[in-house]
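Step one of this worksheet: look at the structure below.
Each chain gets a letter, A, B and so on, in the order the sequences are listed, and its residues count up from 1.
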Amino acid sequence: MSKVATRFAPSPTGPLHIGGIRTALFNWLFAKNNNGSFYLRIEDTDKERSKDKYKEQITESLKWIGVENDGDEYIQSKKIEDHIKVANILLEKGFAYKCYCSTEEIEEQKLRAKQKKIPYLYDRKWRDKPETEAPKDINPVIRFKSKIKGNSILKDLVQGDVEIENSTIEDFIILRNDGSPTYNLSACVDDHQMNVTHIIRGDDHKINTFKQMQIYIAMNWELPSFAHIPLIHTTEGKKLSKRDKASTLDDYSKIGIMPQALRNYLLRLGWSYKDKEIFTKEESIKCFNLEGIGKSPSKLDMSRILSMNEHYIKSIDENDLYDQLSNYCEIYKEKIPNEKMEKIKSSLTFLKNKAKTLEDIYNNSKYIINDVVNFNQEDLKLIDENAKKIISDFLKEISKLDIFSRDKLEPLLQNLIKLNNTNFKGVGQPLRIMLTGSKFGPGIYDILTSLGKDEVIKRLDKN
RNA sequence: GGUCCCUUCGUCUAUCGGUUAGGACACAUGGUUUUCAUCCAUGAAAGAGGGGUUCGAUUCCCCUAGGGACCGCCA
């Protein structure tokens, strides 16, 4: 058997959504699992809607999630001549014919079918009509002479055998009246030329496969294997589209979801390997197979994405985490000042424990990043006379300290609690508010030691 | 409307004829704790319905119901 080759073939007519990302991931994983190649093909033949910015968004997205294509990306629009050639061969060999129906005529037929509530299927009017009857003023389209009798079976690697009546497949257009090829022609010519062995794509392409298989057979090309994976649904149970909320990668990256977490989540959405939940990139390549793909569509679950992200935040190397955090802050929040780098880095151990996302870490570390504390009036009300006294007592005590560590601070705070006849909250909350401007956040000792004695004094000594 | 596909806890799923139907997320309760969290423990939670086949069906077959996809001179 020839070397395994898969491809991901998006059209750059909108931002790639995570269903597409998952399809790409599965293709890539399958290829790598088989020591094969994974190609990226940009299907940019819709000149109206294809945009360079979307092409960039697609390649950026794949890069972000860690899916790398082998070789250069294949640009479909550059291969149009090849597609047309195949259409002409099909025509010569009698597998296709010219159809002289006008657009209006077809539209009318469709309308009538809709009114009668019967399915529209092109009536194959020109399938056997002699060319001599052709009107002079109409540019014909080329239609494929689809099988009328019998059944076809698709041996799908995920869905099993799918059987369909040939008569339900119409004589589809392969060349438009402007001479340009259509999707079903282009896709299978490209797949053939690229030596793609396994076509793994969304379930929504299943009917197309019956059309494309006929072209392969007519051209006497070796048929690739097909695997149609169930679509990802929204929480409402509908096919995910580009317009849906939380559907593109950016929707996730902007709230601080990390690529390895989303990769792992997407991998396990609709695919399983026993009870294993966490897969490194290497493990996923090693374990991936088509047998593990489920047959039913799966719904997106944000809480699971969050929890996966939390897992990676807590388990990845802190240098790596810092790099991702600093990158995230620069793009979506504010750049971490150079002089704060080391401080944030060394505080990551406690900052990350309270975070599900990079955004959470950023929020938790704002008090380090910004020297000026932003208070909200509600919190400030909690700083009453009592609290002010505790703060000033605290200031007096710490001024005596030469080592500003948890070991030294703990007895000091305990003493303060006793002295003021209060509990930990009574001391901790005012300090936390004055130091960070928030009632929530890291542990008070972590706040104190991460800020350092001088900064703590500076922030408390305001009265 | 036609064709095709799907159906195990709320969600993602395990099971490949014999299990107290397992895990993860979410949820609930309790504990640890320094706020918010984390962490630990415990709990509740599922085979759509009906027929077969079989000694035995979640698992195989059929029907019904529900859900989905496709039905472009888009890809």
Side-chain angles (χ1 to χ4, degrees), chain A residues 9-14 43-46 48-50 76 99 101 103 106-107 110 113-114 116-121 139-143 154 156 158-160 162-165 167-170 172-184 186-187 201-208 210 228 230-231 233 235 237-239 265 268-278 291-292 294-308 310-311 314 350 352-356 360 364 410 413 423-425 427-429 431-433 436 438-447:
Chain A
S11 60
T13 53
E43 305 208 327
D44 58 343
T45 49
D46 186 335
E48 300 284 302
R49 296 193 300 148
S50 293
Q76 188 166 63
C99 163
C101 290
T103 317
I106 298 289
E107 286 305 317
K110 280 184 190 173
K114 209 175 177 183
K116 284 190 195 164
K117 292 200 168 185
I118 53 167
Y120 166 76
L121 220 64
N139 273 337
V141 298
I142 310 289
R143 288 184 183 269
L154 159 64
D156 195 281
V158 168
Q159 313 269 341
V162 181
E163 195 172 352
I164 198 171
E165 273 180 55
S167 60
T168 61
I169 304 289
E170 71 169 351
F172 54 98
I173 293 170
I174 53 177
L175 233 49
R176 300 184 183 96
N177 61 191
D178 67 356
S180 64
T182 61
Y183 166 73
N184 281 305
S186 296
R201 67 198 346 178
D203 208 12
D204 48 346
H205 280 287
K206 210 156 53 191
I207 300 298
N208 285 328
F210 287 95
H228 290 94
L231 303 175
H233 281 178
T235 34
K238 298 271 186 260
K239 174 185 175 180
Y265 172 77
R268 278 288 287 102
L269 187 66
W271 178 82
S272 63
Y273 187 83
K274 294 171 186 166
D275 273 345
K276 194 168 165 60
E277 300 282 351
I278 305 297
E291 294 74 47
K295 287 185 170 191
S296 54
S298 30
K299 286 177 187 163
L300 234 31
D301 180 2
M302 196 57 198
S303 66
R304 215 175 149 95
I305 297 175
L306 250 19
S307 116
M308 189 64 83
E310 184 180 9
H311 171 268
K314 283 173 182 158
F350 66 83
K352 70 180 181 184
N353 275 329
K354 291 168 186 290
K356 279 187 157 62
D360 291 343
N364 282 336
E410 209 164 341
L413 241 73
N423 55 17
F424 196 94
K425 198 178 171 188
V427 176
Q429 197 173 57
L431 283 178
R432 178 190 306 283
I433 290 171
T436 70
S438 171
K439 279 191 286 188
F440 317 118
I444 192 68
Y445 296 114
D446 289 328
I447 294 174

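A:R176 places no side-chain N or O within donor-acceptor distance of the main-chain N or O of A:V141, the cut-off being under 3.5 Å.
Spacing between atom NZ of A:K110 and atom P of B:rG72 amounts to 5 Å, rounded to whole angstrom units. Between the NE2 atom of A:H233 and the P atom of B:rU7 there is a distance of 13 Å, rounded to whole Å. Atom NZ of A:K299 is separated from atom C1' of B:rA26 by 14 Å (rounded to the nearest Å). Whole-Å rounding puts the A:E165 CD to B:rC4 C1' distance at 11 Å. Whole-Å rounding puts the A:K295 NZ to B:rU13 P distance at 14 Å. For the pair A:L231 CG and B:rC70 C1', the interatomic distance rounds to 10 Å; values are reported in whole Å. A straight line from CD1 of A:I173 to P of B:rC73 spans 4 Å, rounded to a whole angstrom. Counting to the nearest Å, the P atom of B:rG72 and the CD1 atom of A:I174 are 17 Å from each other.
At a threshold of 4.0 angstrom between heavy atoms, the contacts of A:Q76 are confined to the sugar-phosphate backbone, with no base atom among them. Residue A:C101 is in base contact, counting any heavy-atom pair closer than 4.0 Å across all strands shown. Looking at heavy-atom distances under 4.0 Å, A:G294 makes no contact with the nucleic acid at all. Nucleic acid contact for A:D178: none, since no nucleic acid atom lies under 4.0 Å from a heavy atom of the residue. Residue contacts shown for A:Y265 are absent, as no nucleic acid heavy atom lies under 4.0 Å away.
When Watson-Crick and G-U wobble pairs are counted only if both distances are under 3.5 Å, B:rG17 pairs with no nucleotide at all. In a base pair of the Watson-Crick type (N1 to N3 plus N6-O4 or O6-N4) or a G-U wobble (N1-O2 and O6-N3), with each distance short of 3.5 Å, B:rC27 is matched with B:rG43. The nucleotide B:rU3 finds its pairing partner in B:rA69, both defining distances of the Watson-Crick or G-U wobble pair being shorter than 3.5 Å.
The neighbour count for A:K276 NZ, taken as heavy atoms of other residues, nucleotides or ligands under 6.0 Å away, is above 12. Counting heavy atoms of neighbouring residues, nucleotides and ligands inside a 6.0 Å radius, atom CD of A:E163 exceeds 12 of them. A 6.0 Å sphere centred on NZ of A:K425 holds no more than 12 heavy atoms belonging to other residues, nucleotides or ligands. By the 6.0 Å contact criterion, OH on A:Y120 is enclosed, its count of non-hydrogen atoms from other residues, nucleotides or ligands being greater than 12. The 12-atom threshold is exceeded at CD of A:E410, counting heavy atoms of other residues, nucleotides or ligands nearer than 6.0 Å.
Side-chain rings of A:Y265 and A:H311 stay apart, their centers remaining 6.0 Å or farther from each other.
Checking B:rA75, B:rC25, B:rC4 against every side-chain atom of A:E43, the shortest atom distance belongs to B:rA75. With B:rC25, B:rC73, B:rC5 as the candidates, the nucleotide lying closest to the side chain of A:V141 is B:rC73.
In this structure, NZ in A:K239 is found 9.0 Å from NE2 in A:H233, a value given to the nearest 0.5 Å. With rounding to the nearest 0.5 angstrom, the CG atom of A:L231 is 5.5 Å from the CG atom of A:D203.
Between B:rA57 and B:rG51, the distance separating the two P atoms is 12 Å to the nearest Å. For the P atom pair drawn from B:rC25 and B:rG17, the interatomic distance equals 30 Å after rounding to whole Å. Here the separation of B:rC4 from B:rU13, taken at their P atoms, is 25 Å to the nearest Å. Distance noted for atom P between B:rC36 and B:rA48: 42 Å (whole Å). Going from the P atom of B:rU34 to that of B:rG47 covers 44 Å, rounded to whole Å. Rounded to a whole angstrom, the distance from the P atom of B:rA65 to that of B:rG50 is 15 Å. With C1' as the reference atom, B:rG30 and B:rG22 are 25 Å apart, rounded to whole Å. Here, B:rC60 and B:rU3 have their C1' atoms 26 Å apart, quoted to the whole Å.
Side-chain atoms of A:N177 come within donor-acceptor range of the base of B:rC73, with a qualifying N/O pair under 3.5 Å.
When the nearest nucleotides of RNA chain B are assigned to A:L269 and A:R432 by heavy-atom distance, the more 5′-ward of the two goes with A:L269. The residue among A:V162 and A:N208 whose nearest nucleotide of RNA chain B lies closer to the 5′ end is A:V162.
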So which protein nitrogen or oxygen atoms get under 3.5 Å of nucleotides 19-23 of chain B's nitrogens or oxygens?
residue	atom	partner	partner atom	Å
B:rG22	N2	A:D275	OD1	2.8
B:rG23	N2	A:E277	OE2	3.1

Check the interface with nucleotides 36-44 of chain B: list each N/O to N/O pair with the protein under 3.5 Å, or write none.
residue	atom	partner	partner atom	Å
B:rC36	N3	A:K354	NZ	2.2
B:rC36	N4	A:K354	NZ	2.7
B:rU38	O3'	A:K314	NZ	3.4

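Looking only at atom types and distance, the side chain of A:R432 has no donor-acceptor partner in the side chain of A:T436 under 3.5 Å away. A donor and an acceptor atom, one from each side chain of A:D178 and A:S180, are located under 3.5 Å apart.
Within the 4.0 Å cut-off from OP1 or OP2 of B:rC70, not a single side-chain nitrogen or oxygen of A:R201 is found. Contact check, A:S272 against B:rA14: a side-chain N or O comes under 4.0 Å of OP1 or OP2. For B:rU11, neither phosphate oxygen OP1 nor OP2 lies less than 4.0 angstrom from any side-chain nitrogen or oxygen of A:T235. Contact check, A:S307 against B:rA24: no side-chain N or O comes under 4.0 Å of OP1 or OP2.
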Test side-chain contact (heavy atoms from CB on, under 4.5 Å) on A:I444 and A:Q429; report intermediate values, then the result. CA-CA 9 Å; A:I444 192 68; A:Q429 197 173 57; over 6 Å; no
